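Right, one structure below, let's go through it.
Fair warning: this is a prediction, and the values are worked out from it, not measured in the lab.
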Amino acid sequence: MNRRCSLFLILVAGMGMGVVVPADPPVVVEPNWEIRFQQDIGQNAYAFVPGVDIDKDGFREFVAIGRNSQQDTIYIFESTGNDSYSQVWAAPRLGDEVLERGPLAVGDSDGDGYLEIVVGDSGKTNDYDVVLAYEFDPGLAGGQIAGGQNPPPKPSTVLELGLLGEATTDTRPSAIQVADWDQDGKNEIIVGTVNAEDRSLVIYESTGSNAYADPIIIPVENGISALSPVADIDGDGDLELVVLALNQVVLVMSWDGVGEPGIESYLTFDPSATNSTQGWIALGDLDGNGTLEIIVSDAGVYTVRVYEAMGPDTYATDEEGGVFATGDRPDTLIYAKIPGQKGGSIIWGYDVGDNEEIFIADHIGPEGSFTTADFTPMRVLVDIPEEPEALAFFGEPGTLDGDGYVDLIFGMRSASAEEGEGDEEIYVVEYTGASLDTAVDSWILH
């Protein structure tokens, strides 16, 4: 049984309340950021989806996956108001083999009006690899999220991966998105796989409540490390999905609703690369011009690259060697829009020396320029005693807890201590320098 003890840090801006953090070494955040929530889950937290309202009660949740050597566990944490969060649900993922990453998404994948938590499962329990969907049921537990009851801990959907779901095929899921990629009004579950001979992009389209058509299977050489959100990146009206393969090749794929998705562009770090280390992808408007850039961590030479659409199906980067060196392989990477800044920011984490740190670099250059000089020097955003395992940023109107201030969620893992005895915790830190309400005019005036 996983040990879970809760320590909640609830601060109210301007009231001068202190921050209690674990004993030496403490978690240290950059000025204008404050710790709002902390919980030791006794597992390494390695995937987050923030800002969903699964039970439609007006309070937002974030979903997490925790991992130890025995079992993966899915968690739901809900905000109940200004700077207040609590764990409201947890269920073990069915498989008995832990995954290297958190293939996790939340969305209405079957079009019935209720959100599902969609996860990948790889383990001997099922004799094959599957995608599981856990769906909230408004008829249970008074229509509220309830631990062990709602969503029911038994998945509402089990989708077999592999060619025709063959039980002998090992197609370990590595990434998941839920989106209406072909814009036909029905969402798809999009799965990247990474193992053995069936390294593929697998797409399941809904045919009704908890029902899906036979999958579209698109082989991807070397397997898939990461998938971006689905978005119109090049402005041509079709939606793109960015796929990062393990051989350091970035595939930009689009789907116009006819036939199957196709590849728009290959963005290759090194055509001869054989590096199988996993990288990360984020999408964001770094230069504030209203269009999205593709942000990729290069696991081979420890850099971050930025690609911008130059027209339909055409992408380019300003610096062949990468925008800036990260000094080590990023363990996680995200895009963030900090209130009060015209440009966006890149946030990433990795192991550095005795302490582990989360870094940030802000775009300060002109529109359409993404050289090293267009970013602030990388600096420490959060200094933590263990390795950061996952990051998530939520800055949409209303914010995660409804107070108007954007939030960063991160998990850290204990690599040196025994499981359940280290700093295996989830944190929410909030940017207090400016709120979304006060920041809009400030950056438009630049």
Side-chain angles (χ1 to χ4, degrees), residues 11 13 19 21 25-36 38 48 279-288 293 295-299 301-306 318-319 321-366 369-395 405-413 423 425 427-436 439 442-443 446:
L11 309 181
V19 178
V21 295
V27 170
V28 180
V29 296
E30 187 181 55
N32 293 325
W33 291 84
E34 298 283 352
I35 299 171
R36 297 310 196 195
Q38 170 197 3
F48 297 108
W280 298 87
I281 293 177
L283 300 180
D285 181 11
L286 283 168
D287 57 357
E293 285 80 46
I295 308 162
V296 186
S297 69
D298 182 341
V301 294
Y302 308 152
T303 60
V304 171
R305 285 176 165 78
V306 177
D318 281 341
E319 293 198 9
V323 171
F324 52 82
T326 58
D328 202 343
R329 179 175 64 86
D331 291 317
T332 181
L333 177 144
I334 59 171
Y335 164 85
K337 180 64 179 73
I338 310 298
Q341 298 179 183
K342 181 179 185 298
S345 301
I346 302 171
I347 300 175
W348 70 96
Y350 58 81
D351 182 352
V352 179
D354 295 331
N355 285 332
E356 283 72 16
E357 296 155 313
I358 298 171
F359 287 88
I360 185 170
D362 308 313
H363 187 271
I364 56 174
S369 185
F370 304 100
T371 67
T372 302
D374 295 314
F375 290 83
T376 60
M378 55 184 271
R379 65 189 188 277
V380 176
L381 175 60
V382 185
D383 191 353
I384 60 179
E386 301 291 349
E387 181 181 346
E389 187 78 352
L391 290 166
F393 179 83
F394 190 74
Y405 292 92
V406 299
D407 302 284
L408 173 71
I409 307 170
F410 67 87
M412 61 183 184
R413 68 176 180 179
D423 297 308
E425 296 166 311
Y427 279 81
V428 178
V429 296
E430 186 172 72
Y431 180 72
T432 59
S435 70
L436 287 174
S442 69
W443 76 259
H446 279 70

Residues Trp33, Leu381; criterion side-chain contact (heavy atoms from CB on, under 4.5 Å); working and verdict: CA-CA 9 Å; Trp33 291 84; Leu381 175 60; 3.3 Å; yes

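- Closest approach of Gly349 to Leu391, counting heavy atoms only: N-CD1, 4.2 Å.
- Applying the ring-ring contact (aromatic ring centres under 6.0 Å, His included) test to Phe370 and every residue at least two apart in sequence or in another chain returns His363.
- Taking 4.5 Å as the limit, some side-chain heavy atom of Phe359 sits within range of a side-chain heavy atom of Trp348.
- Of all heavy-atom pairs spanning Phe375 and Val306, the tightest one is CZ-CG2, 4.3 Å.
- Residues Ile358 and Phe410 approach most closely at CD1-CG, 3.7 Å, considering heavy atoms.
- A search for side chain to side chain donor-acceptor pair (under 3.5 Å) contacts involving Asp287 returns Asn289, not counting sequence neighbours.
- Partners of Asp374 according to the side chain to side chain donor-acceptor pair (under 3.5 Å) rule, which considers only residues two or more places apart in sequence or in another chain, are Ser369, Thr371.
- Atom CG of residue Asp407 and atom CZ of residue Phe394 lie 8.5 Å apart, to the nearest 0.5 angstrom.
- Of all heavy-atom pairs between Leu286 and Ser345, the closest is CD2-N, 4.0 Å.
- Ionic pairing of Asp362 and Lys342 is not present here: no N-O contact between side-chain nitrogen and carboxylate oxygen is shorter than 4.0 angstrom.
- Checked against side-chain contact (heavy atoms from CB on, under 4.5 Å), Ala390 has the following partners two or more places apart in sequence or in another chain: Phe48.
- Shown here are the ring-ring contact (aromatic ring centres under 6.0 Å, His included) partners of Phe393, two or more places apart in sequence or in another chain: there are none.
- Under the 3.5 Å distance criterion, the side-chain polar atoms of Thr372 are matched with a main-chain donor or acceptor of Val323.
- Looking at Tyr335 and Asp285, their side chains come closer than 4.5 Å, going by heavy atoms from C-beta outward.
- The shortest distance between side-chain heavy atoms of Thr332 and Trp280 falls below 4.5 Å.
- The line from CD1 of Ile338 to CG of Leu408 is 8.0 Å long, rounded to the nearest 0.5 Å.
- Side-chain contact between Ile360 and Arg379 is present, with at least one heavy-atom pair separated by less than 4.5 Å.
- Scanning all heavy atoms of the two residues, the minimum distance from Glu357 to Asp383 falls at CG-OD1, 3.6 Å.
- Across Pro339 and Ser435, no two heavy atoms sit closer than the pair CB-O, 3.8 Å.
- Looking at residues two or more places apart in sequence or on another chain, you find no salt bridge (charged side-chain N to carboxylate O under 4.0 Å, His left out) involving Glu319.
- A donor-acceptor pair under 3.5 Å is absent between the side-chain atoms of Thr376 and the main chain of Ala361, judged by distance alone.
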